[in-house]
Amino acid sequence: MTIKPPIPSLRAIAAAVAVVILSGCATFSKDGGLDSVSALTAERTGQQIRLPAATGEPAQAELADMLKQPLSADSAVRIALLNNRGLRAALAQLGVAEADLVQAGRMANPSFSFGRMSGGGETEIERSVMFDLVGLLTIPLRRDIESRRFESAKLVAATEAVRLAADTRKAYFNAVAAVQAARYAEQVRDAAQASAELAQRMARVGNLSALDQAREQAFSAESTAQLARARHNATAAREQLTRLIGVWGANTAFQLPDKLPELPAAPRDAANIEATAMQQRLDVRLAKLDTEATARALGLTKATGFVNVLDAGYMNSSKTGSPRENGYEIELALPIFDWGGARTAKAQALYMQSVHRTADTATVARSQVREAYSAYRTTYDVARHYRDEVVPLQKKISEETLLRYNGMLMSVFELLADARAQITGVNAAIEAQRDYWIAETDLQAAISGSGGSSLSLAAASSAEAAPAH
């Protein structure tokens, strides 16, 4: 016997149209959230994030042009945001979050069942199409939750970009200071070798004691070892910068300036620094957004706590010798053993956890800003002290010593000994200037950046709060 397929009812057609409409409302954005991340990053670093080429490769021509000139701190950050593959991997999480958002706006696929029974010369066929009504009714709430998570993903991506910018700036200042120190160590080594050679000649003709000659040779040997250490430190600092800006091959031959930037005329004022941090810090904004998302997820949990399985659909039955029968079917999970109380209690606990974490994040942020400003102001004062007091005094001592040497009031070795005494002061001045620029970067990161572990914890709490469908 041939069974003709049933003609869909008007209700079935209406349900299908509703599904199509609902599915059409959930689409992907053109930028994938990158424009918002780029804007957040530009506000805090002055540099934007741009998408790579279609092949995923950065703009090599633009990169080569930037590497032709000696790097500045800003150009190093620009290259890092353009070329660092670790940042590209972090930005890929935006696509995951947006996919979850789009998925939340689409109704679950209907289920189709088909049954056939035959015996005694009779055949019975049953067909049914079932739709998830709970999922349909909770689409607006689930979209709202995933929308907040998408915003959280943008903040996390911006945090990674701002952190990369700060790390790049600090690596840049470390690299320039290390190069400056290595060049000074080379000058010291050359002077020490000349002094040792002069001492050897004078000792050969009997004008210098063996003790003084040994002292000059020991200083020459020590200066050679110090130069080797300084050169390695310069190489290590340069490689750290190389990793952050993501270059390799011929592009690693970039140039660095000969010395660190000069200190600003005046330090930054601390007025309203905590209030500014509360407005700009990404981890504070992320914690607040996570609390809101958790609260919305708590509402979804309560809404589905009593009934979280409710399916309804169209069905028909065909039997040999009988007219076709049409009807509907409802599937409901009976809350006999699980009334949803445990899931609701868990969601409430996660919400309170999120509230306390937000308060803790704000408290830690305020403390970090105060500490960072203290370091900033201290390093500025120390660097200025070396620039305005220590270095000028050492220069004056050198000039006076040279005058005494020219007046034949001291020997050449006394002149060299005085020069050696200034080595520590020169290195300390370079380090003080470097420490200031690193502290300035840390202060800016403390005002507009974020902490580390709270990001993953916030994302985890949001993920656990909402039930899956």
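- Under a 3.5 Å cut-off, the side chain of Arg44 and the backbone N or O of Gln280 do form a donor-acceptor pair.
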Query raised in the report: Does the side-chain contact (heavy atoms from CB on, under 4.5 Å) test come out yes or no for Ile245 and Asn84, once each step is laid out?
Result: CA-CA 6 Å; Ile245 64 178; Asn84 185 280; over 6 Å; no
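- Here the side chains of Leu256 and Tyr172 are in contact, with some heavy-atom distance below 4.5 Å.
- Under the 3.5 Å distance criterion, the side-chain polar atoms of Arg384 are left unmatched by any main-chain donor or acceptor of Thr379.
- Looking at every heavy atom in both residues, Asn251 comes nearest to Phe254 through O-CD2, 3.5 Å.
- Across every non-hydrogen atom of Asp167 and Leu244, the tightest pair is O-CD1, 3.4 Å.
- Counting non-hydrogen atoms of neighbouring residues, nucleotides and ligands closer than 6.0 angstrom, the CD atom of Glu43 exceeds 12 such neighbours.
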Requested in this report: Go through the steps for Asp381 and Arg377 under the test salt bridge (charged side-chain N to carboxylate O under 4.0 Å, His left out), then give the verdict.
Outcome: CA-CA 6 Å; Asp381 292 340; Arg377 187 55 193 264; 3.3 Å; yes
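- When only modelled atom types and interatomic distance are considered, Arg281 and Gln368 share a side-chain donor-acceptor pair under 3.5 Å.
- With hydrogens and angles disregarded, a donor-acceptor distance shorter than 3.5 Å links the side chain of Arg238 to the backbone of Thr252.
- Of the N and O atoms on the side chains of Gln180 and Arg183, not one donor lies less than 3.5 Å from an acceptor on the other residue.
- Residues Glu274 and Arg370 meet the side-chain proximity criterion, which asks for heavy atoms closer than 4.5 Å.
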Query raised in the report: Please walk me through it: do Asp435 and Val382 pass side-chain contact (heavy atoms from CB on, under 4.5 Å)?
Result: CA-CA 9 Å; Asp435 292 344; Val382 170; over 6 Å; no
Query raised in the report: Please walk me through it: do Asp283 and Thr159 pass side-chain contact (heavy atoms from CB on, under 4.5 Å)?
Result: CA-CA 8 Å; Asp283 60 340; Thr159 298; over 6 Å; no
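- At distances below 3.5 Å, not a single donor-acceptor pair connects side-chain atoms of Ser75 with backbone N or O atoms of Leu71.
- Between the side chain of Asn233 and the backbone N or O of Ala178 there is no donor-acceptor pair closer than 3.5 Å.
- Salt bridge absent: Asp35 and Lys30 never bring a charged side-chain N and a carboxylate O closer than 4.0 Å.
- When each of Asp442, Asn174, Asp74 is paired with Arg169, the side-chain hydrogen bond (donor to acceptor under 3.5 Å, both in side chains) condition holds for Asp74 and for no other.
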Query raised in the report: Could you go step by step and tell me if Lys68 and Asp65 meet the salt bridge (charged side-chain N to carboxylate O under 4.0 Å, His left out) rule?
Result: CA-CA 5 Å; Lys68 288 180 180 178; Asp65 289 340; 3.6 Å; yes
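- Taking the side chain as every heavy atom from C-beta outward, Ile438 and Arg434 approach each other to under 4.5 Å.
- The side-chain heavy atoms of His385 and Val390, taken from C-beta on, include a pair separated by under 4.5 Å.
- The backbone N or O of Leu260 lies less than 3.5 Å from no partner atom in the side chain of Trp437, so there is not a single donor-acceptor pair.
- A side-chain donor-acceptor contact under 3.5 Å links Thr168 to the backbone of Leu164.
- With salt bridges taken as basic N to acidic carboxylate O contacts below 4.0 Å, one links Lys154 and Glu151.
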Requested in this report: Decide yes or no on side-chain contact (heavy atoms from CB on, under 4.5 Å) for Leu263 and Arg387, but give the supporting numbers first.
Outcome: CA-CA 9 Å; Leu263 296 177; Arg387 182 193 65 184; 3.7 Å; yes
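- Scanning all heavy atoms of the two residues, the minimum distance from Gln47 to Val77 falls at CG-CG1, 3.8 Å.
- The two residues Tyr380 and Pro264 make their nearest non-hydrogen contact at OH-O, 3.0 Å.
- Taking the six-membered ring for Trp and thresholds of 30 and 60 degrees, Tyr376 and Tyr436 have ring planes inclined between 30 and 60 degrees apart.
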